[in-house]
Amino acid sequence: MPRLAIFASGNGSNAQRIIEYFNEYPAITIDLVLSNNADAYVLSRAANLGIPSAVFSRHTFYETNQVPEMLKANNIDYIILAGFLWLLPLNILSAYPGKIINIHPALLPKYGGKGMYGMKVHKSVIAAGDYESGITIHYVDECYDEGKIIFQAKCQVSESDTPETLAEKVHQLEYRYYPEVIDKIVTM
Ligand code: GRF
């Protein structure tokens with residue numbers, strides 16, 4: 001019975017979608033929401049959905065073992081990143097080899113790497129004149145957006161798209177596919 005923790009830094013709409021998806025499917029549980037940002041809206045979403053949450057500082061995350069210890073104390077099997085902006089430290093990566101998954105709002109390897117997140121991604125896709133964008137779900141390693149790709153889905157970019165309308169198309173792909181792909185990976 002896999003137990004999952006979600007890491008998120010901001011809004012948390014994907015986190016909510018994932019929690020709601022697995023609420024229907026009690027063999028897989030979301031047991032913890034963790035954030036580096038005490039003001040992140042994902043914390044309110046977790047509270048409303050009855051999921052325990054915790055916030056950690058940069059010092060705690062990078063200089064102590066408190067986060068992996070909390071994960072182990074909660075018997076967490078998989079870590080799901082959903083809009084989490086910090087690189088994972090080695091103590092977490094080595095405790096969860098092949099068990100950490102991220103979603104990126106573009107077709108990696110394009111538009112990935114440090115600083116490439118949120119609306120910056122969609123602005124770059126439109127500025128480049130690309131005809132398509134999409135989502136990439138991938139395993140997480142010690143570099144930004146470079147782990148092995150698990151799944152991609154595409155959407156068209158039309159001439160009338162703005163970064164905002166493209167972000168909305170990409171979000172719809174995220175909501176549709178991220179919970180399903182997580183489901184497949186953790187039950188493999
Ligand atoms: C998503 O677009 C995801 O691909 C990226 O960060 C965004 C998070 O959005 N990694 P939300 O916080 O889930 O609303």
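Whatever order the structure lists ligands and atoms in, that order sets their numbers, starting from 1.
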### Query
With distance as the sole test, does Arg17 use its side chain to make a donor-acceptor pair with the main-chain N or O of Tyr175 at under 3.5 Å?
yes
### Query
Just by distance, do the side chain of Asn48 and the backbone of Ser44 share a donor-acceptor pair under 3.5 Å?
yes
### Salt-bridge contact Lys148-Asp141 (side-chain N to carboxylate O under 4.0 Å)
no
Would you mind listing each N/O atom of ligand 1 next to any protein N/O under 3.5 Å, plus the distance?
| from | atom 1 | to | atom 2 | distance (Å) |
| --- | --- | --- | --- | --- |
| ligand 1 | 2 (O) | Glu174 | OE1 | 3.2 |
| ligand 1 | 2 (O) | Glu174 | OE2 | 2.9 |
| ligand 1 | 4 (O) | Glu174 | OE2 | 2.2 |
| ligand 1 | 10 (N) | Ile103 | O | 3.0 |
| ligand 1 | 12 (O) | Gly12 | N | 2.7 |
| ligand 1 | 13 (O) | Ser13 | N | 3.2 |
| ligand 1 | 13 (O) | Asn14 | N | 2.8 |
| ligand 1 | 13 (O) | Asn14 | ND2 | 2.9 |
| ligand 1 | 14 (O) | Asn11 | ND2 | 3.3 |
| ligand 1 | 14 (O) | Ser13 | N | 3.1 |
| ligand 1 | 14 (O) | Ser13 | OG | 2.5 |

### Task
List in chain and number order the residues that pass side-chain hydrogen bond (donor to acceptor under 3.5 Å, both in side chains) with Glu159, two or more places apart in sequence or in another chain; answer none if no residue qualifies.
none
### Query
Taking the six-membered ring of Tyr131 as reference, does the NZ or CZ atom of Lys154 fall below 6.0 Å from its centre and within a 45° cone about the axis?
no
### Message
Which label fits Phe84 and Phe56: parallel for a plane angle under 30°, tilted from 30 to 60°, or perpendicular past 60°?
### Response
perpendicular
